[in-house]
Amino acid sequence: MYIRKKTFILIITYLTAAVVALGAYTSVHFGMEGSYRRTAEYGYAHAFEEVVYAASSLSDSLHRASYATGAELSGQLCADIYGSCLAAEMTMAALPFSTQELEQTAAFLGIAGDYARSMLKVSAQSGFDDAARADFASLYKTAAALTEKLHELQSSVNDGDVLLDEPENVFAKGGDRLSASMLDMEEGMDKVELGSYGGKYAKNTPNQIKAPVPEDEAKAIAADFFGLDADELEAEYTAENGTACFSFDGGSVCLDADGNVLSLSSERRVAGDMDSSELEGIARDFLAARGFGEMYLASSERIGSVQTMKFECVENGVRCIDDSVRISVAGDYGGIYAYDATEHVRTHGAYPKAAPAVSESTARAALPSTLTVLGAQLCYAPADDGSAVLCYGFDCTGSDGEKLLVLVDAQTGRQFDIFLEAH
């Protein structure tokens with residue numbers, strides 16, 4: 001076939017332009033992908049750096065608390081310790097892998113923070129006594145060892161000997177993963193022994209720990225609860241308290257020694273646009289089908305394609321703040337993406353049948369004028385000694401639009417506690 005010279009020149013010109021355009025598109029595409037990857041990598045590295053910083057701050061505050069005497073300094077150190085524990089817990093949750101299996105670390109942060117919080121009232125009056133200083137010294141010993149190990153891990157990450165748990169490193173050769181290294185870090189971690197602590201994170205004595213349910217039974221329970229195949233569940237580890245964790249393709253599930261389902265975590269990517277209200281309905285139906293009674297939706301947040309909610313149990317019309325379940329539903333096909341019933345299993349039980357001594361309108365007077373009340377209900381709020389206090393719970397927005405829950409003691413009419421909604 002004969003092609004005229006002019007036509008041939010036009011074809012060559014168009015082909016050249018197409019190649020140039022494709023090259024430009026490819027360059028931009030890979031540039032954007034590289035930018036996204038660098039942004040994700042920076043975010044992961046920054047999150048780990050924040051964990052190290054929070055642990056260092058906690059260690060420093062605990063060290064100073066082991067020598068403190070005066071009321072003013074003791075109270076300040078309690079607040080610093082409690083804040084550092086919360087910061088460490090939140091930054092650990094931002095790491096790109098599930099950290100719920102870090103049982104010893106999580107337990108230590110829970111005990112240290114709860115102990116410091118419980119000491120706030122005592123320290124504000126008389127400062128720390130010898131027993132309290134001894135307890136803080138015990139906590140410091142564990143915190144210092146934890147901080148040292150985290151600093152060593154940080155150096156290994158910076159040197160490239162330990163790789164961040166990001167998708168690009170899944171098939172990378174050489175180097176341990178940060179998640180595995182943090183699990184190894186827990187081996188040999190000292191147990192915290194506090195002479196005066198009996199709060200909500202206090203461990204059971206050995207004679208109270210029951211033998212865990214058999215592995216096959218635990219697998220069957222987990223499979224039935226989440227609709228999994230029991231044969232695909234592989235045992236990961238069994239903790240000292242009998243908690244057993246199993247892995248499956250795409251996640252893991254944990255049960256306590258009595259066979260109560262504690263948690264599920266997923267690792268798969270989610271991309272979907274199901275409506276948030278539909279995902280909330282799926283979560284409610286899931287809980288109802290598994291024997292949960294009336295539940296109060298305390299919070300609901302959309303992060304990407306996953307809806308994360310906190311449901312609180314309701315007893316005789318009273319909201320139970322600590323008796324809660326956290327659940328996340330994927331927005332692609334509505335599957336359960338994450339589940340945490342640890343608080344529910346730990347706190348569920350009988351609540352005191354107390355009637356409020358003050359009216360809701362009287363309790364409302366304890367709120368400052370800068371708050372806008374969105375709703376109110378009776379609540380059982382957790383006290384420092386592990387008991388429950390009947391309160392009026394006021395869902396509010398602050399002067400800057402932030403959401404918070406203000407608790408007012410239903411017997412005294414005074415503010416009991418304030419919870420800020422996480423952002």
Side-chain angles (χ1 to χ4, degrees), residues 54-55 57-90 103-143 146 190-205 208 241 320-324 342-343 345-349 351-352 379-391 393 404-412 414-420:
S57 299
L58 174 61
S59 179
D60 178 71
S61 296
L62 287 169
H63 197 184
R64 289 187 290 150
S66 66
Y67 299 107
T69 57
E72 183 175 351
L73 179 59
S74 296
Q76 177 187 327
L77 289 172
C78 279
D80 289 346
I81 293 166
Y82 183 56
S84 294
C85 288
L86 291 180
E89 290 171 344
M90 287 189 291
E103 182 188 25
Q104 301 293 339
T105 304
F108 169 71
L109 293 174
I111 291 174
D114 190 54
Y115 181 70
R117 185 173 183 269
S118 68
M119 290 296 293
L120 271 169
K121 295 178 181 178
V122 176
S123 63
Q125 296 174 356
S126 58
F128 298 146
D129 58 15
D130 290 341
R133 283 189 290 273
D135 284 340
F136 281 118
S138 178
L139 289 168
Y140 164 67
K141 180 181 178 182
T142 301
L146 174 63
D190 292 337
K191 296 178 183 178
V192 179
E193 298 291 342
L194 300 182
S196 58
Y197 179 70
K200 61 181 181 179
Y201 293 102
K203 289 189 174 183
N204 292 328
T205 56
Q208 292 175 307
N241 63 359
C320 307
I321 293 176
D322 251 14
D323 192 349
S324 61
T342 306
E343 289 298 298
V345 172
R346 181 181 63 81
T347 63
H348 188 67
Y351 289 88
C379 304
Y380 285 121
D384 292 337
D385 61 0
S387 63
V389 177
L390 184 65
C391 293
L404 59 161
L405 172 67
V406 181
L407 300 176
V408 178
D409 194 314
Q411 305 302 320
T412 66
R414 294 192 292 268
Q415 283 193 11
F416 180 76
D417 209 342
I418 298 175
F419 294 97
L420 290 171

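By the 4.5 Å heavy-atom criterion applied to side chains, Ser57 and Asp80 are not counted as neighbours. A 4.5 Å side-chain heavy-atom check between Ile321 and Tyr380 finds every atom pair outside the cut-off.
No salt bridge links Arg117 with Asp114; every basic N to acidic carboxylate O contact stays at or beyond 4.0 Å.
Of the possible donor and acceptor atoms, one in the side chain of Ser66 sits under 3.5 Å from a partner among the backbone N and O of His63.
Minimum interatomic distance between Cys85 and Leu109 (heavy atoms only, all atoms of both residues): SG-O, 3.6 Å. Summarising the geometry of Met119 relative to Ala132, their closest heavy-atom pair is CE-CB, 3.6 Å, with the distance given to 0.1 Å. For the pair Leu77 and Ala68, the tightest heavy-atom approach, listed with the atom from each and the gap, is CD1-CB, 3.7 Å.
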Exercise. Report the C-alpha separation of Asp322 and Arg346 in whole Å, then their side-chain angles, then the decisive distance to 0.1 Å, and conclude whether the side-chain contact (heavy atoms from CB on, under 4.5 Å) test is met.
Key: CA-CA 9 Å; Asp322 251 14; Arg346 181 181 63 81; 3.6 Å; yes
Quiz prompt | Steps toward side-chain contact (heavy atoms from CB on, under 4.5 Å) verdict (Cys391, Phe416) | solution = CA-CA 8 Å; Cys391 293; Phe416 180 76; 3.9 Å; yes
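For the atom pair Leu407 CG and Asp417 CG, the distance stands at 6.0 Å (nearest 0.5 Å). For the atom pair CZ (Phe108) and CG (Leu58), the distance works out to 5.0 Å, reported to the nearest 0.5 Å. Ser118 OG to Ile111 CD1: the interatomic distance, rounded to the nearest 0.5 Å, is 11.5 Å. We find the OG1-CG distance between Thr69 and Asp130 to be 10.5 Å, quoted to the nearest 0.5 Å. Taken to the nearest 0.5 Å, the CD1 atom of Ile418 stands 9.5 Å off from the CG atom of Leu405. Taking OG of Ser138 as the reference point, atom CG of Leu62 lies at 10.0 Å (rounded to 0.5 Å).
Take Ala55 and apply the side chain to side chain contact (heavy atoms under 4.5 Å, CB included) test, not counting sequence neighbours, and it matches Thr147, Leu150. Residues that satisfy the side chain to side chain contact (heavy atoms under 4.5 Å, CB included) test with Asp60, not counting sequence neighbours, are Arg64. For Tyr82, the ring-ring contact (aromatic ring centres under 6.0 Å, His included) criterion is met by no residue, not counting sequence neighbours.
The number of heavy-atom neighbours closer than 6.0 Å to CD of Glu72, taken from other residues, nucleotides and ligands shown, is 12 or below.
Ring geometry for Phe128 versus Phe136: interplanar angle of 30 to 60°, hence tilted.
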